[in-house]
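In what follows, a structure is listed as structure tokens, so that the remarks can point back to it.
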Protein chains: 2
Amino acid sequence: MTVTLADVAARARVSPATVSRVLNGNYPVAASTRERVLRAVDELDYVLNGPASSLAAATSDLVGVLVNDIADPFFGIMASAAQSAIGEGGSGRGGGEKLAVVCNTGGSPERELTYLTLLQRQRAAAVVLMGGSLEDPEHLAATAAKLAKLAEAGTRVVLCGRPPVTGDANTAALVFDNRTGARRLTEHLLELGHRRIGYAAGPADRTTTRHRLEGHRAALAAAGVEEGPTVHGAYDRQAGHAATAELLARDPDLTAVVAANDTVALGVCAALRERGLDIPGDVSVAGFDDLPFSIDAVPSLTTVHLPLHEAGVRAGRLAMGTEEPRTGGLERVPAELVVRGSTGRPRG
Amino acid sequence: MTVTLADVAARARVSPATVSRVLNGNYPVAASTRERVLRAVDELDYVLNGPASSLAAATSDLVGVLVNDIADPFFGIMASAAQSAIGEGGSGRGGGEKLAVVCNTGGSPERELTYLTLLQRQRAAAVVLMGGSLEDPEHLAATAAKLAKLAEAGTRVVLCGRPPVTGDANTAALVFDNRTGARRLTEHLLELGHRRIGYAAGPADRTTTRHRLEGHRAALAAAGVEEGPTVHGAYDRQAGHAATAELLARDPDLTAVVAANDTVALGVCAALRERGLDIPGDVSVAGFDDLPFSIDAVPSLTTVHLPLHEAGVRAGRLAMGTEEPRTGGLERVPAELVVRGSTGRPRG
DNA sequence: GCTCCGATAGAAAGCGCTTTCCATCACGGA
DNA sequence: TCCGTGATGGAAAGCGCTTTCTATCGGAGC
């Protein structure tokens, strides 16, 4: 029923071996023969059987991209960039067409491991993990073990936005400089004169949350300013909205709120407005990530720019093996403060 | 080097056949034997070889989800929903774990076909195409042919947000009622008293663009109001920003602008504000899709709500075969007008 | 007590490809 | 003229799993 390589071989009057060689192009085949084979492929509308090919060759052209939340543009932008870098690469087998697939873990460690196992099953060529991870030691160990096994089996492992868990070769890591970015942001607020700053943080126990919080605290400590209230929540507007109520309850005299990211900042702004507070007149608000919409917020959001697209491309190339990782495998991606309209001097 | 099923069999002192049966659970195996096998699997840390399994069984547990732009929350939300529906389904082979993978076509017909071929190679269990498509007849035909081939080979095909191209069984389609949604939206504007309405449309030649435009025009025609200027552009803020300048140039007395979607609307708002125009005092603005951020826009966006999450889940279930498609395979998803602060009565 | 049957488990034949040997063949050099 | 040699193409052995087809065994039925 389905056309197989043998059918093509018969039609082209060559052996299956030759057809395979034409298709994979890693062995000399006379031009005339090649053409005959290609014509047969065309005429029969032959499609390679991926599983069979992968089985025989012991690798597949699948590249897995794991993200915490596919509905969040933060990941969408990176994944998109990685996918296009992976798609256009292509010196590998099977004509170099790699199938970049993105898998949504929802931030759940279990799903992350499940996907990694599934990709291991498929003998994926590479795996890219995007976004911070949970800091639970048990999970960290399980993930590290799984990644080590993948790397050992020849799957390239790339981390993008999370610290490396294993010093393995075959593993590269890109980390955003969240600490410095957060620090600059809070310094900016301090320079404006803010002394009571609330923090609507991301989920507890996540690397990203901790790093940003550390940067924030470092800035406060350096300036000798007392830390304001901190509330943890998810990375969505709802969380920002809820956090704001809590923060204001804990310190009604806040003059600024730093949000875990831009989306959360949107929720913070909404909550402040509902209470009749002006931004930045009464309260300044800052985000993080510099997602596309943050420039269109009203007022436009002061935030920390992360080169998501560039990082995604780089991650994709590392996964393809097109580019080599830095020595040590760890690469720091700079974060840059972007001052816009949502932050200003506090009243008085 | 890698542990194979035979190794597990040897360790458990059973035949490979028995191990396979335990793993796939579709054949009676004595409890004691099963346990012995599972212990061996655990002890050896065995991971099934996906390609081998797929080859022998002639299907894989891959489900492809194709989206036009993964960085756009519109697709992110649907894909996320579909992926979770697919992940939790699971009566299939291999323990029912399906690997839902999302592929980013970037709206390019070529990439779409490439991905479809790649998925066909992998003998994917199902394919979900999300979002509108190009209306170029040549592309339409090529896609239809490819989808027919996939369906014929036993791959379930689900369209979500695009009209069906083939009346095949094995194929289901979910379509958003863009026409009605757009019509209601324009009717709303007309009721408010607007008579000069600009339209910042999506890319030309796309089904979604056309349907929304048709709804808009239908409302105008029914009210006997002359159509205002229309500008086509991409689905991003930049396009909305640029379109606004053009629309205003063509008719400086516009009192309302309808955008292709919420993201575009954000760009429209930004451009209007830059010109010192008040929203909705001077110009009303409306979006489409009701993405999460639109409620936080200032003023909050009047838009058309699309049940993206629900549609994604439904698409996922159709892909899994958990739910049956309606007779005829076509299902209409309702779109609902949501009036917020960005639209109001025109001055005077 | 013997046959028949349900419940289990093993043997073995592939699934469709890749790849390692080999076999050819046409030349150029000695 | 004969042989070494590079360029091609074929034969065949798997890759690791699934799945028929059989074989075995302990009762139940007569």
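Proteins get letters first, then strands, A, B, ... in listed order; numbering begins at 1 in each.
Salt-bridge check for A:Arg162 with A:Glu112: passed, with a basic side-chain N closer than 4.0 Å to an acidic carboxylate O. The existence of a salt bridge linking B:Glu135 and B:Arg206 is excluded, since no basic side-chain nitrogen approaches an acidic carboxylate oxygen closer than 4.0 Å.
Put simply, CG on A:Leu55 is 12 Å from P on D:dT18, counting in whole angstrom units. Taking atom CD of residue B:Glu35 and atom P of nucleotide C:dT8, one finds them 15 Å apart after rounding to whole Å. One interatomic measurement links the two molecules: CD of B:Gln122 to C1' of C:dC17, which rounds to 13 Å at whole-angstrom precision. In this structure, OH of B:Tyr27 is placed 7 Å from C1' of C:dA9, rounded to the nearest angstrom. A:Asp61 places its CG atom 14 Å from the P atom of C:dC17, with the value rounded to the nearest Å.
At D:dC15, none of the side-chain N or O atoms of B:Thr4 fall inside 4.0 Å of OP1 or OP2 (strictly under the cut-off). Contact annotation: B:Asn24 reaches the phosphate of D:dT18 (side-chain N/O to OP1 or OP2, under 4.0 Å).
Residue contacts shown for A:Ser20 include a base, since a base heavy atom lies under 4.0 Å away. Among the atoms of the strands shown, only primed sugar atoms or phosphate atoms (P, OP1, OP2) are found under 4.0 Å from some heavy atom of B:Thr18. Counting any heavy atom pair closer than 4.0 Å across all strands shown, B:Val19 reaches no nucleic acid atom. Across all strands shown, A:Ala17 has heavy atoms under 4.0 Å from base atoms, whether or not it also approaches the sugar-phosphate.
Position along DNA chain C of the nearest nucleotide to B:Arg123 versus B:Pro16 favours B:Pro16 as the more 5'-ward residue. Both A:Ala52 and B:Arg13 sit near DNA chain C, but only B:Arg13 has its closest nucleotide nearer the 5' end. Taking the nucleotide of DNA chain D with the nearest heavy atom to each of B:Asn26 and B:Asn49, the more 5' of the two is matched to B:Asn49.
Nearest to the side-chain atoms of A:Ala56 among the listed nucleotides D:dT19, D:dC15, D:dG16 stands D:dC15. Taking every side-chain heavy atom of B:Arg21 into account, C:dA11 is the closest of D:dC17, C:dA11, C:dT18. Closest to the side chain of A:Ser15, out of D:dG16, D:dG10, C:dG10, is D:dG10.
Distance OG1/A:Thr105 to CD/A:Glu110: 10.5 Å, rounded to 0.5 Å.
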* To do: Apply the test side-chain contact (heavy atoms from CB on, under 4.5 Å) to residues B:Asn49 and A:Leu55: give CA-CA distance (whole Å), side-chain angles for both, the deciding distance (0.1 Å), then the verdict.
  => CA-CA 8 Å; B:Asn49 182 315; A:Leu55 172 58; 4.3 Å; yes
* Worked verdict on B:Ser15 versus B:Thr18 for side chain to side chain donor-acceptor pair (under 3.5 Å) -> CA-CA 5 Å; B:Ser15 72; B:Thr18 301; 3.2 Å; yes
